[in-house]
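Let me begin by presenting the structure, written as structure tokens, before commenting on it.
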2 protein chains.
Amino acid sequence: MIRLYRDEVPTKVDHEERRRQIAEAVIRIAASRGLHAASMREVAAEAGVSLRLVQYYFHTKQELLAWVLAHLGEQLGRRMTRAAAERGAPASPRAFLYAALTALLPTDEESRRIVLAYTAHFTLTLTDPGQEAGLSYANALRDLLAERFAQAGANGDPGTRAATALALVSGLQLAVLAGQYTGEEAVALLTRHLDEAFAAPGAG
Amino acid sequence: MIRLYRDEVPTKVDHEERRRQIAEAVIRIAASRGLHAASMREVAAEAGVSLRLVQYYFHTKQELLAWVLAHLGEQLGRRMTRAAAERGAPASPRAFLYAALTALLPTDEESRRIVLAYTAHFTLTLTDPGQEAGLSYANALRDLLAERFAQAGANGDPGTRAATALALVSGLQLAVLAGQYTGEEAVALLTRHLDEAFAAPGAG
DNA sequence: CTCGTCACGATACAGCCGTATCATCGCGCC
DNA sequence: GGCGCGATGATACGGCTGTATCGTGACGAG
């Protein structure tokens, strides 16, 4: 028969919220003990729920990890746009670039957790077939940045600028996570690189 | 019969060679199916030996992984110096920088395997306590490159140059491994970045 | 009241994991 | 010829893994 519940999906608890709660547990484990330590049982314990619940909201572990990955991407995107918005609305293309790229660096505890978990996921999928979803996302981000580089009047080819900047950010993320640099040092390194991209020719 | 082996230690087989054989199996597995797939049994099968043998030459799995990591570092170092030597001996500081940094990018099947396995290892140790060994190595490499940047007369602070270049290489490695760029594209990106570091001020 | 279904608990299952134990072979040495 | 020992095979053990099954309160619908 046709569902005639109030007017919504027939759920008494907020599934999305539960999933978020469990996903956060995965992220916490991945950031502290590594993604390989995130077994279904560990995740359940960390989230304060039973193993059955994790199975209930994510039928399989693969589904759980995929959801977590999407959740992480969302959070990273929000961080970028929020940081850009804080530079004044609407931010100039150049200010946007500084803000957005800096927002990707692990500078505080939260961003460190996010980037660490994201990196672990990323590395795992490196050997899995067909991860083109993340690829197109990365390319879209690069194209967006390239547009901003062009608008901001950066030297050289905007596409090259964007690709180089993103790769640099990616490398700096790892360096900070490994403890080679502090978040501030990485920001300084990135800032200097961007400054160079905008340096007036002849202003050695 | 004549002793073809060491006359010092009473070993009939070359332990180092056996270890190398097993380590290569780990690298092959890590590059194709991921480091998490490299169980002791899988490694034994891939190396064509029995499980007992892997245990015999590496008392524990942790010992095996540590050995593999050292092996990978060695191979990467050899690739760098070899590439530098091919640019003429002794290579100019600037040529050395181009060669050494390019050698770190996954441009062929072998380097792809090495970098992929190295990345997997690196990511795993990100959440392990006390991995300062790799850190001091990274710092030493950066200082060496900084020296070359200074000798080659690069613009700006040599330390910043070296740190930025290394982080960029690291990011490009990931991008190539993920399939975002080809090895050649990454080399081009890196080359352009280095060109900029050496561009005469005012040569916009 | 009955019933279906959502939400969840307890527990079982087969399989793989790293590691340990025991039993041999091959071979130089006394 | 026996012995010691390095090198290796076969196999067992406890533990953890992801997943599946069965059961059961709560609660709105008919």
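Lettering follows sequence order; numbering is per chain, from 1.
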Rounded to the nearest Å, what distance is computed from the CD atom of residue B/Gln62 to the P atom of nucleotide C/dC17? 18 Å

If I compare all heavy atoms of B/Leu189 with all of A/Ala163, which pair ends up nearest, and what's the gap? CD2-CB, 4.0 Å

Which residue lies toward the 5' end of DNA chain D, A/Ala37 or B/Leu53, if each is placed at its nearest nucleotide? B/Leu53

Gap between atoms CD and P, on A/Glu17 and C/dA7 respectively (whole Å): 14 Å

Round to the nearest Å and state the distance from B/Leu51 atom CG to D/dC13 atom P. 16 Å

Does D/dA7 have OP1 or OP2 sitting under 4.0 Å from an N or O in the side chain of B/His15? yes

Think B/Thr60 has a side-chain N or O under 4.0 angstrom from the OP1 or OP2 of C/dG18? no

Rounded off to whole Å, could you give me the CZ-to-C1' distance for the B/Phe58 and C/dA20 pair? 19 Å

Quick check: do A/Leu172 and B/Thr164 have side-chain heavy atoms less than 4.5 Å from each other? no

Between D/dG6 atom P and B/Asp14 atom CG, what is the distance in whole Å? 16 Å

B/Val13 has a side chain; which of C/dG9, D/dA7, D/dG18 sits nearest to it? D/dA7

Interatomic distance, A/Arg41 CZ vs C/dC13 C1' [rounded to whole Å]: 11 Å

Can A/Glu42 and A/Arg28 be counted as an ion pair, charged N to O under 4.0 angstrom? no

So, is A/Tyr56 near the phosphate of C/dC8, with a side-chain N or O under 4.0 Å from OP1 or OP2? no

Reckon A/Ser50 has a side-chain N or O less than 4.0 Å from the OP1 or OP2 of C/dC8? no

Just so I know, are the side chains of A/Tyr98 and A/Asp195 near enough to count as touching, which here means a heavy-atom distance under 4.5 Å? yes

Set of salt bridge (charged side-chain N to carboxylate O under 4.0 Å, His left out) partners for A/Arg112, sequence neighbours left out: none

Which residues pass the salt bridge (charged side-chain N to carboxylate O under 4.0 Å, His left out) test with B/Asp128, not counting sequence neighbours? none

For A/Arg52 and A/Met40, what are the C-alpha separation, side-chain angles and deciding distance, and is it a side-chain contact (heavy atoms from CB on, under 4.5 Å)? CA-CA 9 Å; A/Arg52 181 68 180 85; A/Met40 299 290 269; over 6 Å; no

Under 4.0 Å: is that the gap between some side-chain N or O of B/Ser39 and OP1 or OP2 of C/dC17? yes

Under 3.5 Å, which N/O atoms of the protein pair with N/O atoms of nucleotides 21-25 of chain C?
unit_1, atom_1, unit_2, atom_2, d
C/dT21, O4, B/Arg52, NE, 3.4

If I take atom NZ in residue A/Lys61 and atom P in nucleotide D/dA20, what distance separates them, rounded to the nearest angstrom? 15 Å

Rounded to whole Å, OH of B/Tyr57 lies from P of C/dT19 at a distance of 18 Å

